[in-house]
Amino acid sequence: NVFERIGLDEEKLQKLVNQVQTEKRSVTLRFALEKHCTFMEEKTVKIESPNEVSVEISETKLKGDTKKEKSSIFKRRVVTSVKEYHWQFGFNYKLFAFAGSDPEADPVIFKEGIGSTIIITTGNKRAPAQAHKVHNPVDLPLTWMLQNLVQDGLKCNFHIDRSNEETHTPRRNKDIDDAFEFFRHGTCWSDGVARVFLDEIEPILGKHEPAEADSTSQTLGKSLSSLDASEVFVPVLALMENRNKLPNEEENEVQDVSPSGIVSFSQLSDEASPLLCVGDVNRFLSEQCRSLDGVIDSINLSYPNVTEGKLISSIEATVVICCHHTCDIASHLKLGVDYIEQMLHNQMVSAIGKVVQQKDFEEFSRFHNKRIFSSKYAPKPFCYAIRRPDHFPDGVLSIESNDEPIETVVRKISGEDSPPMYFPINAATSVEFTGERYLHAWVRHRFESSTNHDFKLVARTRQFSSFLLMAGTINGSD
């Protein structure tokens, strides 16, 4: 509905859908703008001071014994000469979609616009803008949106694939991730287009400083910074309903509402689905179109028409308000999906009675491992006494997490059944060592949202005791 207000129609949309689904090409929406500023002429303007200066001159004449006095009053104004520099400032922009990587090959034009005015500066001959500047294009990939439309009939076909192994919740699945990625790009694109007008065109309004105010000040147009899309209804709401109808309720009472845009919606195949029916969806979209058209009508009354030759017209204001509304849609979508996810989370917590943490799941695994495995094969804490044969332990070696030893599945190999092993201390000397050997396997449980835990290799010795700990990688059989 927003794209329809900035130039998209059914024929153009059908062409773009065919390019994506039939020709298997990517489609990009691009906003391109360039502006220019040319010196026209220099004028000298004389400005009279608003204050008058009165001068009284008295003249005395003698004629015989008679003295005559004559007084005259002169009024003067100060006139200042000011040099004005006239500049022709203008811009032109184009909003279009193209397939592939060549924007010049058969583009689909959404909207084109131009703006021009005379900028008058004083003080020095400094241009109010660059002589010519091509703004970096602002691109939005439309491929995902067009892939989710049925080619025949232009119906919305977005759904979450529940059979996919990566689908876990209404929020944690590939389809929603792709939708969020599209709307993230849409937010950046909308904000970028609006910023072009607000940062590249709007500042020119403040640089028009003629020596004296006249009708030329009215050729600039109205500012865009005051535009606000808060009055436009956002049809993205986390609403669900119970499909159980009352006995006297008419069947499909709200299904007769026709779609308000060029894209329609398919009827839900699952009657038990808590999603709103198509009639209700069309009602929301109709309200969006009504409120959006109302704001655009208000813009047409407040801003000059494009034929009046103003710098900023109602066309540019409409583009900016549609960009603001697109950002609101993306924000409501994220909030709505997160709300549903949080609702399911709260229901799960209420059913279990607590929020299950990683530590809880580890305790659950330890408890059931004792029941599943026999005592010979059950996981054991990684905590071993270091001792010489027939002696009291000299210390303890363990791997700990949260001050508790981890549990590993372990195989013990006695020293009598295995050959000695060696480690070099220099190029000519190797140390032989024997003894019991342990091979450990550790299954670590971790939640996706949990932070990494710290695991420590801890070696402790008794008082007046010591032992040598060597950590490394075994590169061979000995």
Side-chain angles (χ1 to χ4, degrees), residues 164-169 171-174 177-178 181 348 352 354-478:
N164 192 331
E165 294 182 355
E166 297 181 358
T167 300
H168 305 292
T169 65
R171 170 62 186 89
R172 297 171 57 228
N173 60 81
K174 185 178 183 302
D177 288 341
D178 292 341
E181 183 68 11
M348 182 67 69
I352 296 176
K354 62 180 296 186
V355 177
V356 179
Q357 304 291 345
Q358 180 173 328
K359 184 178 179 181
D360 300 322
F361 191 80
E362 291 176 350
E363 293 177 355
F364 172 84
S365 299
R366 291 193 192 101
F367 174 79
H368 282 275
N369 285 339
K370 294 177 181 178
R371 303 179 60 183
I372 295 174
F373 297 99
S374 63
S375 59
K376 182 179 179 180
Y377 300 102
K380 298 178 176 59
F382 192 104
C383 184
Y384 294 89
I386 308 300
R387 71 173 72 202
R388 292 169 294 169
D390 302 325
H391 285 73
F392 197 79
D394 296 306
V396 177
L397 179 67
S398 63
I399 297 179
E400 299 180 358
S401 172
N402 298 327
D403 298 328
E404 294 183 1
I406 65 173
E407 291 192 349
T408 62
V409 178
V410 59
R411 179 189 176 191
K412 178 181 178 181
I413 304 174
S414 63
E416 299 176 355
D417 299 335
S418 57
M421 299 186 71
Y422 304 88
F423 65 91
I425 58 177
N426 55 44
T429 307
S430 296
V431 177
E432 175 185 317
F433 65 98
T434 59
E436 296 179 345
R437 301 176 188 178
Y438 297 86
L439 179 64
H440 298 270
W442 175 39
V443 179
R444 179 190 176 194
H445 302 283
R446 185 176 68 88
F447 284 11
E448 182 179 358
S449 59
S450 63
T451 58
N452 293 329
H453 287 263
D454 294 331
F455 299 94
K456 299 177 291 185
L457 177 63
V458 181
R460 302 182 180 90
T461 60
R462 294 175 56 85
Q463 190 175 14
F464 308 116
S465 301
S466 65
F467 62 87
L468 178 65
L469 173 63
M470 183 179 65
T473 303
I474 300 176
N475 295 324
S477 59
D478 58 352

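By convention here, the first residue in the shown sequence is residue 1.
More than 12 heavy atoms of other residues, nucleotides or ligands sit less than 6.0 Å from atom CG of Asn426. When the shell of 6.0 Å around CZ of Phe467 is examined, it contains more than 12 heavy atoms from other residues, nucleotides or ligands. Shown here is Phe423, whose CZ atom has more than 12 heavy atoms of other residues, nucleotides or ligands within 6.0 Å. Counting non-hydrogen atoms of neighbouring residues, nucleotides and ligands closer than 6.0 angstrom, the CD atom of Glu432 exceeds 12 such neighbours. Environment of CZ in Arg437: crowded, with over 12 heavy atoms of neighbouring residues, nucleotides or ligands closer than 6.0 Å. Atom CD1 of Ile474 sits in a sparse spot, with 12 or fewer heavy atoms from other residues, nucleotides or ligands closer than 6.0 Å.
With a 4.5 Å cut-off on side-chain heavy atoms, Trp442 and Ile406 count as touching. Side-chain contact check for Asp360 versus Lys354: some heavy-atom pair is nearer than 4.5 Å. Side-chain contact between Leu469 and Leu397: present, with at least one pair of heavy atoms (C-beta onward) separated by less than 4.5 Å.
In terms of heavy atoms, Phe373 sits closest to Ala378 at CB-CA, 3.6 Å. The two residues Pro393 and Arg387 come nearest to each other via the heavy atoms CG-NH2, 3.3 Å. The minimum heavy-atom distance between His168 and Glu166, with the atom names listed, is CD2-O, 3.2 Å.
Arg460 pairs by the side chain to side chain donor-acceptor pair (under 3.5 Å) definition with Glu400, not counting sequence neighbours. Partners of Asp178 under the side chain to side chain donor-acceptor pair (under 3.5 Å) rule, at least two apart in sequence or in another chain, are Lys174.
Using a 4.0 Å cut-off between a side-chain N of Lys or Arg and a carboxylate O of Asp or Glu, Arg388 and Asp394 qualify as a salt bridge. Note on Glu436 versus Lys412: salt bridge recorded, some NZ/NE/NH1/NH2 to OD/OE distance being below 4.0 Å.
Interatomic distance, CZ of Arg444 versus CZ of Phe455, reported as 4.0 Å (0.5 Å rounding). With rounding to the nearest 0.5 angstrom, the OG atom of Ser465 is 10.5 Å from the NE2 atom of His391. To the nearest 0.5 Å, atoms CD (Glu404) and CD (Glu362) are separated by 9.0 Å. Here the CZ atom belonging to Arg172 is positioned 10.5 Å from the OG1 atom belonging to Thr167, to the nearest 0.5 angstrom. Note that the OG1 atom of Thr408 and the OH atom of Tyr438 stand 11.0 Å from one another [nearest 0.5 Å]. In this structure, the separation between CD on Glu407 and SG on Cys383 is 12.0 Å, given to the nearest 0.5 Å.
The closest donor-acceptor contact from the side chain of Ser365 to the backbone of Phe361 lies under 3.5 Å.
Using a 30° and 60° split on the angle between ring planes, His440 and Tyr384 fall in the perpendicular class, above 60°.
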